[in-house]
Protein chains: 2
Amino acid sequence: MTPNQLQHELKKKHPFESLEQEATLNIVRTNDQFQNRFGRLFREHGLTSSQYNVLRILRGEGRPMPCLDIAERMVQVVPAMTGLVDRLEKQGLVRRDRCTEDRRVIFIELTEKGAELLQRLDEPVMELHRTLVGHLSQAELKELSRLLEKCRQSVRSADCVRSAE
Amino acid sequence: MTPNQLQHELKKKHPFESLEQEATLNIVRTNDQFQNRFGRLFREHGLTSSQYNVLRILRGEGRPMPCLDIAERMVQVVPAMTGLVDRLEKQGLVRRDRCTEDRRVIFIELTEKGAELLQRLDEPVMELHRTLVGHLSQAELKELSRLLEKCRQSVRSADCVRSAE
DNA sequence: CGACGATAGTTCACATGTAAACTATCGTCC
DNA sequence: GGACGATAGTTTACATGTGAACTATCGTCG
């Protein structure tokens with residue numbers, strides 16, 4: 001057992017002030033390293049992590065979606081979607097389609113080319129998931145997901161408070 | 001118990017293909033939401049998350065550090081440090097100092113003003129840590145950190161392979 | 001009908017990250 | 001002591017995120 005692996009990784013001289021701080025930093029650092037890996041994989045196929053995310057969401061939904069709905073499922077704010085879709089459209093991976101009933105909304109649709117690219121990525125992505133966390137037991141993975149979901153409950157409740165202000 | 005909270009959050013129609021995928025997405029999503037919160041807090045004080053990180057690293061080290069050493073403790077690549085330090089210097093929070101022995105290295109030093117800003121942030125930051133994960137028990141926090149550290153072991157070993165190529 | 005608030009996207013300004021190319025120095029080896 | 005590879009930073013080009021302001025529509029209410 002390495003009781004202070006994170007402290008060692010960060011070359012921190014002082015121990016963590018609290019378990020809360022240590023856990024939070026562990027989340028951030030793990031995410032950064034994972035994002036790094038996925039980013040590299042996607043880049044080999046001409047995509048970024050965000051772009052891949054958009055394509056995945058569109059495939060999961062199975063039909064064209066408005067910008068706002070896509071942004072809502074990603075954590076990001078709306079304005080970023082414009083440029084994101086611009087580049088995906090330029091690559092021919094999605095198509096913009098203005099809704100006829102409500103001319104304010106613009107549907108984003110996955111193209112055949114986009115679907116094919118996604119499919120080519122399925123196996124490598126699954127493989128990377130296994131590489132990154134496959135050495136944890138099924139029980140550990142379940143526990144990890146449970147703890148992280150519990151973490152997010154605080155954000156949700158805090159957001160409720162904020163939106164009630 | 002909510003067995004598929006993440007699936008519900010993402011409005012995913014299909015269940016996750018694997019526990020590995022679910023755990024990875026849980027890490028990413030939790031991180032995004034936490035970063036969001038910390039970013040807001042730092043912004044109220046005129047800082048970004050990255051800038052705060054640099055200041056924290058400098059205070060932890062207790063003395064001036066070369067750019068590379070700072071970048072190494074963050075996950076990011078080197079080039080980003082230049083602009084980051086530029087802006088911190090413009091705000092008077094750090095100072096650049098060229099080393100006399102080795103004129104290639106430039107020491108970054110925390111200024112008095114930077115130290116004061118950090119100190120003002122200490123309490124709010126600690127408070128936010130508690131808000132975000134304080135509802136987990138001490139045992140859960142320890143287990144979460146343990147699992148995340150175990151996750152990162154795969155990245156480390158994979159990096160060894162890569163650097164040996 | 002016509003003003004007005006709400007909603008969907010876009011544009012803008014600014015701070016990051018990433019990779020690749022470039023500059024200034026250092027060390028070392030012949 | 002001069003070439004050469006390695007090291008520390010910077011610059012450049014491009015894709016993100018974030019907040020604020022703006023445009024086009026919709027709906028509704030008077």
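In what follows, every chain begins at residue 1, and chains take the letters A, B, ... in the order their sequences are listed.
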Can you tell me how far [atom2] of [N] sits from [atom1] of [X], to the nearest Å?
{"X": "B:L41", "N": "D:dG19", "atom1": "CG", "atom2": "P", "result": "13 Å"}
{"X": "A:D97", "N": "C:dG9", "atom1": "CG", "atom2": "P", "result": "12 Å"}
{"X": "A:N53", "N": "D:dG17", "atom1": "CG", "atom2": "C1'", "result": "14 Å"}
{"X": "A:F42", "N": "D:dT16", "atom1": "CZ", "atom2": "C1'", "result": "15 Å"}
{"X": "A:Y52", "N": "D:dT16", "atom1": "OH", "atom2": "P", "result": "15 Å"}
{"X": "B:D86", "N": "C:dT16", "atom1": "CG", "atom2": "P", "result": "10 Å"}
{"X": "B:F38", "N": "C:dT16", "atom1": "CZ", "atom2": "P", "result": "17 Å"}
{"X": "A:I108", "N": "C:dG9", "atom1": "CD1", "atom2": "C1'", "result": "10 Å"}

Could you please name the option among [options] that lies closest to any side-chain atom of [X]?
{"X": "B:R104", "options": "C:dG9, C:dC26, D:dG9", "result": "C:dC26"}
{"X": "A:P79", "options": "C:dA19, C:dT16, C:dC12", "result": "C:dC12"}
{"X": "A:T48", "options": "C:dG17, D:dA15, D:dG9", "result": "D:dA15"}

Need to verify one output field. Residue with the more 5' nearest nucleotide on DNA chain D, B:I106 or A:L84?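 That would be B:I106.
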On a plain distance test, is the side chain of B:R103 in donor-acceptor contact with the base of C:dT25 below 3.5 Å?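 Result: no qualifying N/O pair found.
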Assign A:E101 to base, sugar-phosphate, or nothing according to its heavy-atom contacts below 4.0 angstrom with the strands shown.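 Since only primed, P, OP1 and OP2 atoms lie under 4.0 Å of A:E101, the category is sugar-phosphate.
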For A:P66, report the nucleic acid contact type (base, sugar-phosphate, nothing); a contact means any heavy atom under 4.0 Å.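 Since only primed, P, OP1 and OP2 atoms lie under 4.0 Å of A:P66, the category is sugar-phosphate.
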Verify the contact: side-chain N or O of [X] to OP1 or OP2 of [N], cut-off strictly under 4.0 Å; return yes or no.
{"X": "A:T82", "N": "C:dT11", "result": "no"}
{"X": "B:R87", "N": "C:dT16", "result": "yes"}
{"X": "B:Q51", "N": "C:dT16", "result": "yes"}
{"X": "B:S49", "N": "C:dT16", "result": "no"}
{"X": "B:R96", "N": "D:dT10", "result": "yes"}
{"X": "B:N36", "N": "D:dG17", "result": "no"}
{"X": "A:R43", "N": "D:dA15", "result": "no"}

Can a donor-acceptor pair be found, under 3.5 Å and without considering hydrogens, that links the side chain of B:R98 to the backbone of B:R103?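 Looks like yes, one N/O pair under 3.5 Å.
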Exam field: side chain A:T111 to backbone A:L93, donor-acceptor pair closer than 3.5 Å: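 Side chain of A:T111 to backbone of A:L93: a pair is present.
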Please check if atom CD in B:E112 has more than 12 non-hydrogen atoms from other residues, nucleotides or ligands closer than 6.0 Å.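 Not buried by this count: 12 neighbours or fewer within 6.0 Å.
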Does atom CD (A:Q119) have a neighbourhood of more than 12 heavy atoms from anything else shown, all under 6.0 Å?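 At most 12 heavy atoms, drawn from other residues, nucleotides or ligands, come within 6.0 Å of this atom.
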Let me know, please, whether B:T100 or A:V78 comes out on the 5' side of the other along DNA chain C by nearest nucleotide.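 Nearer the 5' end of the strand: A:V78.
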DNA chain C: A:A80 or A:V105, which has the more 5' nearest nucleotide?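 Between the two, 5'-proximity favours A:V105.
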What I want to find out is whether A:R146 reaches B:E22 closely enough, with some N-O distance under 4.0 Å, to be called a salt bridge.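 The answer is no: the pair does not qualify as a salt bridge.
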Would you please say whether a donor-acceptor pair under 3.5 Å links the side chains of A:R152 and B:N26?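 Distance-only check passes for A:R152 and B:N26.
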